[in-house]
Amino acid sequence: AACLFRPIVSFSSGALLGRGQPPGLLGAMARSNARAAVSCLLAALLQPCAVVAQVRVMSPDSLKRKFSNTMGRIEGSTATFGAPFYGDRVLGALVYGESQLNHLHCAVEDYTVPKLDEFATNSNSEKTRLIQIFLVRRGKCSFTTKVKVAYDKGAHAVIIVDREDSELTTADMKNIIVADDGFGDKIHIPSILVAKSEGKKLIEAAKSGQVIVELAWDLPTDHVVITDLWMSSASQESLRFLKEFSPKRRVLNEVMIFQPHYAVFGMDGSNPQIYNELCSDESGQFCAEDPDGAGPITGRDVLAEDVRQLCIHMVHKVLRSTEASKKAGKPGVEYAAKYWDYIEQLQDSCPLAVSNPQDQFGFGLECSTRLMKKVGIDVPRVEDCVRVNYTSYLKAEREHAAWSPRALRINGWRYSGILDADLVMRAICSGFVTRPTECADLMKPRDPFVPYFEPKPEGVTFLQMLMWLLGVCLVLFGCMLLYKRYLKKEMRTTLREEVMLEVQAQMGEYQKMMGSS
């Protein structure tokens with residue numbers, strides 16, 4: 001079934017677009033993004049409905065009855081940052097602390113959370129450990145700030161309740177993108193935005209007693225999972241992800257189809273100051289982001305690498321009939337082994353930052369050709385593909401833009417969460433009708449009580465400072481011991497020399513006395 005046409009809305013408190021860009025670029029990008037958004041939304045008509053995060057009320061029964069029309073389920077929008085529990089169903093207790101300083105849960109001192117029972121007992125008297133799911137209200141600060149504060153106070157997951165003056169309903173949540181404000185890389189627990197009407201019921205119930213809910217992130221399933229990734233060929237984040245993901249891709253080569261896409265946009269060609277460093281020519285039809293600002297690499301270089309990678313994938317992909325493809329009713333599963341060999345080494349072999357702009361080992365055609373030969377890619381075929389398909393490939397990428405320059409879609413569903421190889425693999429494995437053995441080999445049990453990544457402390461901790469001081473003291477103590485030994489040795493040598501001199505002087509006097517007698 002196709003989705004009804006609805007606008008996709010992105011919420012974020014961090015407005016980073018256009019920072020440091022040349023005059024007129026922001027307006028041109030906005031016009032380009034508007035055209036891309038129209039194409040994206042029209043394409044969305046043919047896409048299956050996106051599955052959103054689900055909060056299922058398990059107890060108390062009085063609260064379950066308030067959601068009887070949805071079987072106790074509440075749908076929300078997952079934040080683009082953090083690490084959802086893909087493939088798992090996690091039980092947790094809702095925790096709510098009233099805002100005391102009117103900061104709306106934007107500061108650690110703004111609210112306190114009650115101490116709840118850590119375990120739940122089922123009908124068979126078995127105890128299940130519950131994660132702590134904090135309820136916070138939206139407003140006054142970014143989503144990432146609220147989630148970071150909740151994490152610092154002990155949350156394993158966060159449910160953000162929409163503002164009181166919001167007109168968004170649960171049906172609207174699937175079209176909302178809870179965006180990162182630029183600091184989401186420090187958030188490693190999942191968070192969900194829910195409509196104010198459902199959130200209000202959850203808050204009222206959490207105030208009066210223990211509320212147990214189940215968190216789940218269900219994807220559309222198939223026997224073969226189709227994954228689409230939008231990126232820039234010069235994006236360090238994307239290249240790092242692909243390098244880490246490539247070993248997992250090789251394992252999933254018989255059950256997964258991967259299609260790379262690239263962020264291409266058009267601009268106003270009347271202003272050379274704008275298109276000169278970003279576009280393929282003066283028409284401004286095809287442009288890409290400048291990865292190094294005032295550095296030697298331009299958007300034209302990025303576009304050339306985009307098409308080159310598309311051709312590598314096209315030339316070397318092999319269609320193979322597998323058991324999974326037969327069940328899915330597909331002719332086969334495509335896999336381009338040479339593409340992954342190339343993309344796995346590109347970031348290290350052809351870095352963006354080089355001391356000499358003409359360095360053949362830097363990002364560009366010379367280094368790319370050298371790397372293609374190294375990994376066994378058919379270079380003449382790739383060059384022919386680029387020459388024939390350069391314009392058509394860029395046009396296709398521009399007309400099929402995603403909702404973000406860095407985007408991932410699994411079985412037609414918009415992926416949310418940090419772009420981490422292991423987390424994406426878990427999401428992909430959640431998209432199978434029956435989980436294949438390849439996923440069982442790759443996936444390790446995830447502990448919901450442990451953050452997906454422990455955040456790295458900023459600066460120097462007290463323990464580190466103490467260890468440094470201890471190390472310095474040990475080094476000084478060792479130096480003092482060595483200096484003491486050196487002084488003893490010098491004193492012995494000096495005393496020996498003085499004694500010998502005295503003996504020689506006495507012997508000289510004795511000889512004089514013998515001579516005179």
Side-chain angles (χ1 to χ4, degrees), residues 6-16 50 52-55 57 63 66-67 73-84 92-113 132-207 211 213 215 217 403-404 414 416-418:
R6 297 189 184 94
I8 297 176
V9 183
S10 174
F11 287 137
S12 173
S13 296
L16 303 179
V52 294
Q54 288 186 353
V55 181
V57 178
L63 182 59
K66 293 182 180 179
F67 299 100
R73 291 180 173 84
I74 305 167
E75 291 187 347
S77 177
T78 305
T80 57
F81 52 88
L94 296 184
V95 181
Y96 179 74
E98 198 71 57
S99 175
Q100 299 172 356
L101 303 177
N102 197 29
H103 293 320
L104 288 183
H105 307 102
C106 291
V108 173
E109 64 275 9
D110 182 52
Y111 64 103
T112 57
V113 291
Q132 291 195 62
I133 306 171
F134 279 33
L135 286 164
V136 299
R137 293 186 182 274
R138 180 186 167 205
K140 286 202 172 183
C141 63
S142 67
F143 294 115
T144 53
T145 298
K146 290 182 183 292
V147 178
K148 177 65 168 61
V149 168
Y151 170 74
D152 291 339
K153 295 175 76 67
H156 303 109
V158 179
I159 296 176
I160 304 170
V161 179
D162 203 4
R163 294 193 303 258
E164 288 291 336
D165 59 349
S166 174
E167 297 180 357
L168 297 174
T169 65
T170 299
D172 297 321
M173 285 297 124
K174 65 183 65 178
N175 304 306
I176 302 300
I177 299 177
V178 182
D180 185 358
D181 67 351
F183 300 93
D185 58 331
K186 300 177 182 179
I187 306 298
H188 303 125
I189 59 174
S191 52
I192 306 166
L193 175 68
V194 299
K196 64 178 181 181
S197 56
E198 283 78 6
K200 185 177 180 180
K201 296 174 184 177
L202 294 178
I203 290 175
E204 291 175 350
K207 286 180 179 180
V211 177
V213 300
L215 299 182
W217 284 265
W403 58 93
S404 170
R414 187 177 68 242
S416 292
I418 53 179

Under the side-chain hydrogen bond (donor to acceptor under 3.5 Å, both in side chains) rule, what do D181 and T144 come out as? Steps first, then yes or no, please.
CA-CA 7 Å; D181 67 351; T144 53; 2.7 Å; yes
Chi angles and distances behind the side chain to side chain contact (heavy atoms under 4.5 Å, CB included) call for R138, F143:
CA-CA 8 Å; R138 180 186 167 205; F143 294 115; 3.7 Å; yes
Any chance you could lay out the side chain to side chain contact (heavy atoms under 4.5 Å, CB included) test for I189 and H156, step after step, and finish with the verdict?
CA-CA 6 Å; I189 59 174; H156 303 109; 5.6 Å; no
Would I74 and Q54 count as a side chain to side chain contact (heavy atoms under 4.5 Å, CB included) here? Give the steps.
CA-CA 6 Å; I74 305 167; Q54 288 186 353; over 6 Å; no
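By the salt bridge (Lys or Arg N to Asp or Glu O under 4.0 Å) test, E204 pairs with no residue at all, sequence neighbours left out. Residues satisfying the salt bridge (Lys or Arg N to Asp or Glu O under 4.0 Å) test with R163, not counting sequence neighbours, are D165. By the salt bridge (Lys or Arg N to Asp or Glu O under 4.0 Å) test, E164 pairs with R137, sequence neighbours left out.
H103 contributes no side-chain N or O that, together with a main-chain N or O of Q100, makes up a donor-acceptor pair within less than 3.5 Å. Using modelled atom types, one side-chain atom of S77 and one backbone atom of I176 make a donor-acceptor pair closer than 3.5 Å. Without hydrogens or angle criteria, D110 side chain to L101 main chain gives a donor-acceptor distance under 3.5 Å. Proximity of a side-chain donor or acceptor of H105 to a complementary backbone N or O of V136 within less than 3.5 Å is not detected. With hydrogens and angles disregarded, no donor-acceptor distance shorter than 3.5 Å links the side chain of D162 to the backbone of S166. S416 places no side-chain N or O within donor-acceptor distance of the main-chain N or O of T80, the cut-off being under 3.5 Å. Not a single donor-acceptor pair under 3.5 Å links the side chain of K146 to the backbone N or O of K140.
Taken to the nearest 0.5 Å, the CH2 atom of W403 stands 12.5 Å off from the CG atom of N175. Annotation: the span from I192 atom CD1 to E75 atom CD amounts to 11.0 Å, rounded to 0.5 Å. Rounded to the nearest 0.5 angstrom, F67 CZ and E198 CD are separated by 5.5 Å. The CG atom of D180 sits 7.0 Å away from the CG atom of D185 when rounded to the nearest 0.5 Å. The line from NZ of K66 to CG of L63 is 6.5 Å long, rounded to the nearest 0.5 Å. Of the inter-residue distances, the one linking S191 atom OG with F134 atom CZ reads 13.5 Å to the nearest 0.5 angstrom.
Annotation for A150 and V158: closest pair CB-CG2, 3.6 Å, computed over non-hydrogen atoms. Residues P84 and G417 share a closest heavy-atom pair of CD-CA, 4.1 Å. Closest non-hydrogen pair, G92 versus I133, comes out as CA-CD1, 3.7 Å. Closest approach of D172 to L168, counting heavy atoms only: OD2-CA, 3.5 Å. Residue Y96 comes nearest to K207 through the heavy atom pair CE2-CE, 3.5 Å, listed as atom of the first residue, atom of the second, then distance. For the pair L135 and A206, the tightest heavy-atom approach, listed with the atom from each and the gap, is CD1-CB, 4.0 Å.
Side-chain atoms of I203 and V161, non-hydrogen and from C-beta on, do get closer than 4.5 Å to each other. In this structure the side chain of H188 reaches within 4.5 angstrom of the side chain of I418, judged on heavy atoms. Proximity of F81 to V147: side-chain heavy atoms (C-beta onward) are separated by under 4.5 Å at one or more points.
The number of heavy atoms from other shown groups lying within 6.0 Å of NZ (K200) does not exceed 12. In E167, the CD atom is not crowded: 12 or fewer heavy atoms of neighbouring residues, nucleotides or ligands sit closer than 6.0 Å.
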